[in-house]
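I have placed the structure first, in the form of structure tokens, so that the comments after it can refer back to it.
Owing to the predicted nature of the structure, the values given are computational and were not obtained by experimental measurement.
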Amino acid sequence: MTVSSSLDERFRDAAAAEGLLDVAYDLADSPVGTLFVAASGKGLCRISFDPEPEREVERLARSFGVRVLRAKRPLEDARRQLDEYFDEKRTEFELAIDLGPAADFTRAVLNRLAKVPHGQLTTYGALAKSAGRPRAARAVGTVMNRNPIPIVLPCHRVVGSNGSLVGYAGGLDRKRLLLSLEGALLDDST
Amino acid sequence: MLPPFERFYEEHRDEILGYLRGLLPRDAAEDAWQETFLRALRGYSSLQHGRHLRAWVFTIAHRVAIDDVRKRRPQTALPEWAVEDSRPAYAELGDLTRDLPPKERVAVVLRYGYDLDYDQIGEVLESSGVAARQAASSGVRRLRKEHR
């Protein structure tokens, strides 16, 4: 006997409303592809370009607890703000963030990153400096590469000291698209 | 290691609904189904391992069904199967076992319809594996007699 989609949704809503979930997740369409979006009880904890939710779900279960369930309600606000961002109606996200069990340096760098304004670029070196480790540009690169909440924590705004885009965990095409959406991309950037 | 709840839920939601539809009328079965998975969610983090998840969720479903029946008919010890407007999930087995005593019916259906082993059925019935085996075999004997 197959559970109807309305019954299924009713359960997922009830589970979230009762606060029984470690993490709720949902999928969202966007100009940079389908996004996997997840939140703990404390805040947004994951955005991923990975089209395979299963792998993300496993990973979240290990970091945040096994009660991971797809549920629309807890992600409605984040999805709406993402839509507004992509529609160029929003330049700042107003969302609580949960970095989970991140290391201190990672946390410090991501907190700095969160303050880089819409449409502006910074460099790995500058970010390292502002996090108190001026020689750690390479380590900052690693943190960017593993950024758990891309787009909202804007690692796409971080480029090389010579202005080159360097890299992006979601692929350089996405980085380019996000930056041109924000009007931050110079034509000769590669 | 426990699987993420999403995977556990996807794996068992359909058969638990089928099981409850065999025990309760449609609306009551759907409510009991939701209550079953909410209870499962409440207890999920404290499970030590993911080995007997199927028997575990059947046990919860069975208890929720009993609670529901008791609420409506305080005298009943175990739910009777296939109340008026509900079509049994395992239609054939549900029909075939309609006249068995409730415990024997649950044992036969869980053993032959859902392939649970006797220890697991014992847990569902809140008794032992031996008692579950006895209930199932006495149910089967009774069926043989009736359908001879």
Side-chain angles (χ1 to χ4, degrees), chain A residues 1-28 34-42 45-46 48 50-75 98 100-101 148, chain B residues 1-51 53 56-57 60-61 64 82 86-94 109 113-114:
Chain A
M1 186 166 296
T2 312
V3 172
S4 68
S5 57
S6 63
L7 188 58
D8 176 69
E9 202 154 317
R10 199 180 82 180
F11 165 67
R12 292 174 187 276
D13 281 350
E18 282 198 32
L20 295 173
L21 303 181
D22 295 317
V23 174
Y25 72 92
D26 200 5
L27 300 175
T34 303
L35 300 176
F36 176 98
V37 187
S40 72
K42 292 183 200 154
C45 63
R46 184 77 179 124
S48 163
D50 191 340
E52 281 180 59
E54 268 183 36
R55 218 162 40 192
E56 284 302 334
V57 167
E58 295 275 350
R59 216 174 288 164
L60 288 168
R62 278 196 299 272
S63 307
F64 291 89
V66 284
R67 295 174 305 172
V68 181
L69 191 71
R70 184 169 178 174
K72 288 187 189 310
R73 281 277 166 75
L75 279 316
D98 183 359
Chain B
M1 170 81 185
L2 278 171
F5 192 84
E6 175 74 29
R7 222 173 72 207
F8 160 80
Y9 167 71
E10 281 175 11
E11 224 160 90
H12 299 295
R13 62 183 166 189
D14 290 346
E15 67 175 348
I16 290 298
L17 182 63
Y19 179 65
L20 289 167
R21 282 293 303 279
L23 291 167
L24 303 168
R26 177 195 271 267
D27 285 355
E30 292 188 347
D31 289 347
W33 172 86
Q34 174 163 320
E35 178 59 23
T36 297
F37 281 99
L38 287 176
R39 279 193 205 179
L41 196 47
R42 282 184 207 115
Y44 199 69
S45 307
S46 49
L47 291 177
Q48 299 299 314
H49 54 72
R51 283 203 288 277
L53 290 176
W56 179 68
V57 70
I60 298 173
V64 172
S86 95
R87 289 164 52 98
Y90 265 86
E92 246 175 81
L93 208 50
V109 170
Y114 293 90

- Message: Return the CG to OH distance between A/L20 and B/Y44, rounded to the nearest 0.5 Å.
- Response: 14.0 Å
- Honestly, the part of A/R12 sitting under 4.5 Å from a heavy atom of chain B is side chain
- Which answer fits B/Y9, side chain, backbone, both or neither, if we ask what part of it has an atom under 4.5 Å from a heavy atom of chain A? side chain
- Got A/L7 and B/L17 here, is their nearest side-chain heavy-atom distance under 4.5 Å? yes
- What's the shortest heavy-atom distance between A/M1 and B/D14, and which atoms? O-CB, 2.9 Å
- Heavy-atom closest pair (A/D8 atom, B/R13 atom, distance to 0.1 Å) is OD1-NH1, 3.0 Å
- Item | Residue list, salt bridge (Lys or Arg N to Asp or Glu O under 4.0 Å) with B/E35, at least two apart or on another chain | B/R39, B/R42
- Message: Just so I understand: if I count every heavy-atom pair under 4.5 Å between each of A/V57, A/V68, A/V3 and chain B, which residue has the most?
- Response: A/V3
- Message: Using 30° and 60° as the class boundaries, would you call the ring planes of B/W33 and A/F11 parallel, tilted or perpendicular?
- Response: perpendicular
- Item | Under 4.5 Å from any heavy atom of chain B - which part of A/L21 | side chain
- Message: Take a 6.0 Å sphere around CD of A/E54 and say whether it holds more than 12 heavy atoms from other residues, nucleotides or ligands.
- Response: no
- Query: Stepwise, does the salt bridge (Lys or Arg N to Asp or Glu O under 4.0 Å) test hold for B/R7 with A/E58?
  - Reply: CA-CA 9 Å; B/R7 222 173 72 207; A/E58 295 275 350; 2.4 Å; yes
- Item | Test side-chain contact (heavy atoms from CB on, under 4.5 Å) applied to B/L2 and A/R67, step by step | CA-CA 10 Å; B/L2 278 171; A/R67 295 174 305 172; over 6 Å; no
- Task: With the side chain counted from C-beta on, respond yes when B/E6 and A/L69 share a heavy-atom pair under 4.5 Å apart, and no when they do not.
- Result: yes
- Query: Which pair of heavy atoms, one from B/L41 and one from A/A15, lies closest together, and at what distance?
  - Reply: CD2-CB, 3.4 Å
- Item | Least distance between heavy atoms, A/D22 atom then B/S45 atom | OD2-OG, 4.3 Å
- Among all residues two or more places apart in sequence or in another chain, which pass the salt bridge (Lys or Arg N to Asp or Glu O under 4.0 Å) test with A/E9? none
